[in-house]
There are 2 protein chains.
Amino acid sequence: MAARSYGQYCGITTAIELVTERWALLIVRDLLVGPRRYTDLKQGLPKIPTNILSARLKELQEGGVIRRVPLARCGLVYELTDYGRELEPIVLSLGRWGFRSMGEPREGDAVTADSLTMALRTAFRPDLASSSLDFQIQVGPVELRARIAGGELTVVQIAPPAPPVGGSLPTGEPELRFATGPDIRHLISGKLTPSEAVEQGVVTILKGNPKLLDRFAELFRIEA
Amino acid sequence: MAARSYGQYCGITTAIELVTERWALLIVRDLLVGPRRYTDLKQGLPKIPTNILSARLKELQEGGVIRRVPLARCGLVYELTDYGRELEPIVLSLGRWGFRSMGEPREGDAVTADSLTMALRTAFRPDLASSSLDFQIQVGPVELRARIAGGELTVVQIAPPAPPVGGSLPTGEPELRFATGPDIRHLISGKLTPSEAVEQGVVTILKGNPKLLDRFAELFRIEA
DNA sequence: CCGGATCCGAATCGATACTG
DNA sequence: CAGTATCGATTCGGATCCGG
């Protein structure tokens, strides 16, 4: 089952053959968050047929993008190789580019823990992250704890329960907790100010000073 | 013919739906070189079926990535929108990433003027381009004139004849002219030195001081 | 020649069922 | 948990055809 060739000898074409088959880059997206078991991937990609998931995992391994790692206790996980992890800036750039074409969510569109994690990463502005922020964001059933410190963003999945190999839960309480939905994109794009977002019900502050949402809006932004 | 949805509401997914369908990103690659007519694209992508080319052009227009522009005299060209042109760094990064997975060319693999142009762009190191270089590279039937000046790379297609909207042919003669083939990747990767490349017949100097190939090898490099 | 549209067989994908 | 197997639906590929 060699990937269908485009008949060109070129690095761009090679990359396209390796990672742009249907579903492949979404598998990479989820693995950029952390190692995942077959079942984790299946749940994070609810609409992927299992045979396609199998096929892509096999192809990505053959391409040296991911690796199959038996777990200490039991089971196994898939994880990116160093080579695969080099796709991170590309996937994040694609996310920023695609952000501007997101319309309303279509019927049945889901937000998963991994997609939201990567969405935060795409919108994060390390250059502006001189001060710190510790918050918890909730979108539907997904809850993430995110902390910015030392110019770096760390995201930990609170709900649904993270895979066993996930990061450890932070101690203590976040400064800010809020619930939101798809319309948060208008805060990220700058079309809404934080106070407008709260007034219009796009964001609901669950805990903490609403002023902290200003800091969030500074730190997570994608502009045209 | 709405693109098949991945059922996720996320910028990365949106981008993937917009540009990773089969052939779409290769069309973008060629349009990054310049506006192209339907027939130019067809020739630059010899293995694309015409119905797929039509379909992709339509979808990319609907996605706001490309635009259909009637030509002054006659005919029409497709060109990237500003939004589409923002894919350039992403496509170039993908090319650098994929470069390291290029093996030997497979039977029937072609090198087109546009693919070679973009390959030069992916390998070009603007940070090292303080001095200038004016050279002509030949790979099979493809000949390009490339000039580095002011830290910028300009590539003009000499053969096969460029589309009418292409850049103007440079006046004067290049300092260096050489012919090469797929194995030039070993010069780009640093696995071969310029003198080794010449000795082993990977590069054939057609004109100019062979020392100028050192400069080429400095300016065009992709390392692991 | 340009810019496609149409037709049809081949390959891939999607949904579901099933298994070690 | 980690996949195969099966089979209909969809897309792709290759060729031909068509109007300007």
Side-chain angles (χ1 to χ4, degrees), chain A residues 1-8 16-17 19-27 30-31 35-62 66-79 108 110 161-165, chain B residues 1-8 16-17 20-27 30-31 35-62 66-79 108 110 160-165:
Chain A
M1 174 189 296
R4 282 174 297 172
S5 164
Y6 290 96
Q8 306 217 345
I16 289 175
E17 289 178 0
V19 296
T20 75
E21 261 173 314
R22 197 161 166 73
W23 292 105
L25 221 37
L26 284 178
I27 292 170
D30 283 8
L31 291 180
R36 292 290 181 261
R37 287 179 300 192
Y38 183 91
T39 325
D40 301 326
L41 291 168
K42 196 158 97 100
Q43 290 184 356
L45 273 4
K47 298 190 59 171
I48 194 174
T50 67
N51 56 342
I52 299 295
L53 178 54
S54 284
R56 292 297 171 269
L57 289 172
K58 207 163 295 174
E59 293 157 12
L60 289 170
Q61 280 174 78
E62 285 163 9
I66 69 176
R67 183 191 308 137
R68 207 170 184 269
V69 181
L71 229 47
R73 279 242 158 263
C74 65
L76 64 132
V77 292
Y78 292 91
E79 63 178 25
V165 282
Chain B
M1 173 190 293
R4 281 176 298 171
S5 164
Y6 290 96
Q8 306 216 344
I16 289 175
E17 288 179 359
T20 74
E21 261 172 315
R22 199 162 163 71
W23 291 107
L25 220 38
L26 284 178
I27 293 170
D30 283 8
L31 292 180
R36 292 288 181 265
R37 288 181 297 193
Y38 184 92
T39 326
D40 302 325
L41 290 168
K42 197 156 95 102
Q43 292 184 355
L45 273 4
K47 298 190 59 171
I48 195 174
T50 68
N51 56 341
I52 299 295
L53 178 53
S54 285
R56 293 296 172 270
L57 290 172
K58 205 163 297 175
E59 293 157 10
L60 289 170
Q61 280 174 79
E62 285 164 9
I66 69 174
R67 184 190 308 137
R68 205 171 185 269
V69 181
L71 230 48
R73 279 245 158 260
C74 64
L76 66 131
V77 292
Y78 293 91
E79 65 178 22
V165 280

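Everything numeric here is computed off the predicted structure, so don't read it as measured data. Scope of the values below: all heavy atoms of this structure, side chains included, with no hydrogens, waters or symmetry mates. Here is the naming used below: chain letters follow the sequence lines, and residue numbers restart at 1 for every chain.
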query = Would you say A:R4 reaches D:dC12's phosphate, i.e. side-chain N/O to OP1/OP2 under 4.0 Å?
reply = no

Atom-to-atom span, CD1 of A:I48 to P of D:dA2 - whole angstrom = 15 Å

task = Flag this pair as yes if the NZ/CZ of A:R68 is under 6.0 angstrom from the six-membered ring centre of A:Y38 and inside a 45 degree cone about the axis; otherwise no.
result = no

query = With respect to B:I27, which candidate in B:L25, B:D30, B:L31 satisfies the side chain to side chain contact (heavy atoms under 4.5 Å, CB included) definition?
reply = B:L31

query = If you check the A:I52 side chain, which of C:dG14, C:dG4, D:dG3 turns out closest?
reply = C:dG14

query = Side-chain donor or acceptor of A:N51 under 3.5 Å from a matching atom on the base of D:dG3?
reply = no

task = For residues A:S5 and B:R22, report the shortest heavy-atom separation together with the two atoms involved.
result = O-NH2, 3.6 Å

inquiry  = Of the options C:dA15, C:dC2, D:dC12, whose atoms approach the side-chain atoms of B:R56 most closely?
reply    = D:dC12

remark   = A:E21 CD to D:dT11 P, in whole Å, measures 16 Å

remark   = From the candidates D:dG13, C:dC2, C:dG4, the one with an atom nearest any side-chain atom of B:R37 is C:dC2

query = Tell me: CG of B:L57 to C1' of C:dG4, nearest whole Å?
reply = 10 Å

inquiry  = Nearest whole Å is fine: how far is C:dC13 P from B:E17 CD?
reply    = 16 Å

task = Measure across A:R56 and A:A24 and return the closest heavy-atom pair with its distance rounded to 0.1 Å.
result = CD-CB, 4.1 Å

remark   = Picking from D:dA2, C:dG3, C:dA5, the nucleotide nearest the side-chain atoms of B:S54 would be C:dA5

ask   = Roughly how many Å is it from CG in B:L71 to C1' in C:dG3, rounded to a whole number?
value = 13 Å

message = For a quick check, tell me whether the side chain of B:T50 and the base of C:dA5 share a donor-acceptor pair closer than 3.5 Å.
response = yes

message = Can you work out whether B:Q43 or B:K58 has the more 5'-proximal nearest nucleotide on DNA chain C?
response = B:Q43

query = Roughly, in whole Å, what's the span from CG in B:L53 to P in D:dA15?
reply = 16 Å

remark   = From OH of B:Y38 across to C1' of C:dC1 the rounded distance in Å is 14 Å

message = Rounded to whole Å, please give me the gap between CZ in B:R36 and P in C:dG4.
response = 17 Å

ask   = Does C:dG4 have OP1 or OP2 sitting under 4.0 Å from an N or O in the side chain of B:Y78?
value = yes

message = Please pick, from D:dG13, C:dG14, D:dA2, the nucleotide with the shortest atom-to-atom distance to any side-chain atom of B:W23.
response = D:dG13

query = Is the distance from OP1 or OP2 of C:dG14 to the nearest side-chain N or O of A:R22 less than 4.0 Å?
reply = yes

request  = Could you check if a side-chain atom of A:L57 sits within less than 4.5 angstrom of a side-chain atom of A:L41, using non-hydrogen atoms only?
outcome  = yes

